Engineer: 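The structure is given below, and queries will be raised subsequently.
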Amino acid sequence: MTTRIYDDRVDLDSNDIKEFWAKRALSATGLKTVLLGDDKGAQAERNRKECSILEEALSGLKSLRILDIGCGIGRWVENLGDKIETYTGIDFTAEYVRIANGKYADRKDVNFYEMSVCDMSEEILSKDYNLVICTGVLTYINDNELPKIFEKIRELSPEYVYIQESISLMDGRLTLDKFESKELKSNYSAIYRTQAEYEQYFKDFDIIKTDLLLDDEIGGRKETNARYWIGRTK
Ligand SMILES: C[S@@+](CC[C@H](N)C(=O)[O-])C[C@H]1O[C@@H](n2cnc3c(N)ncnc32)[C@H](O)[C@@H]1O
C-alpha cells in the first residue's frame, strides 16, 4: 500500500490522528511531545525562533486575549507569558489538556478544554479574542473541515491571527497516510498542503508577515518545511 501520496487529495482517518497524539502525549514530554522530531535542541531553537517572530509582530498590543486552537501542552502560554490577559486553549488530546490545566492551575485567566477543532463549542466561540493562534494542527485536518475552521476564525474577527503549518515545498501536496515513520517510531498521517492551498483561506485577512520557519538544523527538509502567516482581520 502507498503511504506517501503525491498531489492527490486523500482523507486521513481521524482515529489514526487521535491515536497518534494520545500515544505521543504518554511517550514524550516537554517541547518534544508537541514539536516532534528527535533532537531536543532543535525543538528549543525552533520554539525560540517562532516566539521572537510573534512577539515582534504583536509588539503593538498591550495585552492578549488568546484562543489557541489545537494548543497541545500550552506552549504559547509559556511563550507569551505576562502579556496574557486571557487564554483559552482547546485540544482533543485529553492528556495534554490534563497536563496543561495542572501546570497553569494557579492562573485563573488561563484555561484548557478537551475539544476537537472541528467541533468548537458555543462557549468557546462566544468569547472575545484579539489573537487566534493555530500552530501545527491543520496538517491533521481533512479538506472538508478546513474551510469551516477558517470561517469560524473569521467570525471571531480577532485583531490578529497566527497560523503556522507544515507545508509541501513541491508544486503539489504530499499526504502521509499511515506512513511508517522511523523517526517517530509510529505510523504517521498528515497532509502537507502547498502555500497556495492555505492562502486561499486568508482572503479575510491582510497577511502582514509570512515566511518559512525551518532551516536544515531545526527540521527543514527538501520536500517539506513549516510556514507561518501573521494576519490582521480586514
Ligand atoms: C504538532 S502539535 C502542536 C501543538 C501546539 N499547537 C503547539 O504548537 O505547541 C499538534 C496538536 O494538534 C492536536 N490536534 C490534532 N488534531 C486535532 C483536532 N482535530 N482537534 C483538536 N486538536 C487536534 C494534537 O492533539 C496536538 O496537540
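The residues of the chain are indexed from 1 along the displayed sequence. As the structure is a prediction and not an experimental result, all values here were calculated from the model. Every number for a ligand or one of its atoms is a count from 1 in the order of the listing. Just so you know, these numbers use all the heavy atoms, side chains as well, and skip hydrogens, waters and symmetry mates.
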Engineer: Select one of side chain, backbone, both or neither to describe which atoms of Trp21 lie under 4.0 Å from any atom of ligand 1, heavy atoms only.
Structural biologist: side chain

Engineer: When you measure from the side chain of Thr194 to the backbone of Ile167, do you find a donor-acceptor pair of N or O atoms at a distance under 3.5 Å?
Structural biologist: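 No, the answer is negative, given that no donor and acceptor are paired below the 3.5 Å cut-off.
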
Engineer: With heavy atoms of Thr93 as the reference, note each atom of ligand 1 found under 4.0 Å away.
Structural biologist: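 Numbered from 1, ligand 1 contributes 24 (C), 25 (O).
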
Engineer: Starting from atom 10 (C) of ligand 1, find the nearest protein heavy-atom neighbour and note its residue, name and distance.
Structural biologist: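 I find the closest protein heavy atom is Gly136 O, 3.3 Å.
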
Engineer: Between Ser14 and ligand 1, which part of the residue brings a heavy atom under 4.0 Å of the ligand: side chain, backbone, both or neither?
Structural biologist: neither

Engineer: Between the main-chain N or O of Asn142 and the side-chain N or O of Asp11, is there a donor-acceptor pair closer than 3.5 Å?
Structural biologist: no

Engineer: Contact between Lys234 and Asp204 at the side-chain level, heavy atoms closer than 4.5 Å - yes or no?
Structural biologist: no

Engineer: Nearest to atom 3 (C) of ligand 1, what protein heavy atom do you find, and at what distance?
Structural biologist: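 The protein heavy atom lying closest is Thr135 O, 3.4 Å.
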
Engineer: Identify which one of Val132, Leu67, Thr233, Leu125 satisfies the side-chain contact (heavy atoms from CB on, under 4.5 Å) criterion when paired with Ile153.
Structural biologist: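 Answer to the side-chain contact (heavy atoms from CB on, under 4.5 Å) test with Ile153 among Val132, Leu67, Thr233, Leu125: Val132.
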
Engineer: For ligand 1, which atoms, with element, lie under 4.0 Å from some heavy atom of Cys71?
Structural biologist: 5 (C)

Engineer: Of all the heavy atoms in Met115, does at least one lie under 4.0 Å from an atom in ligand 1?
Structural biologist: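 Met115 counts as a contact of ligand 1 under the 4.0 Å cut-off.
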
Engineer: Can you name the closest pair of heavy atoms from Lys178 and Ser189 and give their distance?
Structural biologist: N-OG, 2.9 Å

Engineer: Is Ile141 close enough to touch ligand 1? Criterion: a residue heavy atom under 4.0 Å from a ligand atom.
Structural biologist: yes

Engineer: Among protein heavy atoms, which sits nearest to atom 1 (C) of ligand 1, and what does the distance come to when rounded to 0.1 Å?
Structural biologist: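 Protein heavy atom with the smallest distance to atom 1 (C) of ligand 1: Val34 O, 3.0 Å.
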
Engineer: Nearest protein heavy-atom contact for atom 12 (O) of ligand 1: which residue, which atom, what distance?
Structural biologist: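 The closest one turns out to be Val137 CG2, 3.8 Å.
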
Engineer: Specify the protein heavy atom at minimum distance from atom 4 (C) of ligand 1: its residue, its atom name, and the distance to 0.1 Å.
Structural biologist: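 Here the nearest protein heavy atom works out to Gly70 O, 3.5 Å.
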
Engineer: Within 45° of the axis and under 6.0 Å from the centre of the six-membered ring of Phe179, does NZ or CZ of Arg4 qualify?
Structural biologist: yes

Engineer: Checking a contact table here: which protein heavy atom is nearest atom 26 (C) of ligand 1, and how many Å away?
Structural biologist: Asp91 OD2, 3.6 Å

Engineer: Starting from atom 21 (C) of ligand 1, locate the nearest protein heavy atom and write down its residue, its atom name and how far away it is, to 0.1 Å.
Structural biologist: Phe92 N, 3.2 Å

Engineer: Run the salt-bridge test on Glu45 and Lys49 with the 4.0 Å N-O cut-off and return the result as yes or no.
Structural biologist: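 Not counted as a salt bridge, because no side-chain N and carboxylate O are separated by less than 4.0 Å.
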
Engineer: Does an N or O from Ile17, backbone or side chain, lie closer than 3.5 Å to an N or O of ligand 1?
Structural biologist: no

Engineer: Could you walk me through whether Lys148 and Glu151 pass the salt bridge (Lys or Arg N to Asp or Glu O under 4.0 Å) check?
Structural biologist: CA-CA 5 Å; Lys148 299 182 211 165; Glu151 177 59 17; over 6 Å; no

Engineer: How close does the nearest protein non-hydrogen atom get to atom 9 (O) of ligand 1, and which residue and atom is it?
Structural biologist: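 That would be Arg75 NE, 2.8 Å.
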
Engineer: Which ligand 1 atoms are under 4.0 Å away from a heavy-atom of Tyr96?
Structural biologist: 27 (O)

Engineer: For the CD atom on Glu56, are there more than 12 heavy atoms of other groups (residues, nucleotides or ligands in this structure) within a distance under 6.0 Å?
Structural biologist: no

Engineer: Is the shortest distance from a Lys or Arg side-chain nitrogen in Glu165 or Arg227 to a carboxylate oxygen in the other one below 4.0 Å?
Structural biologist: no

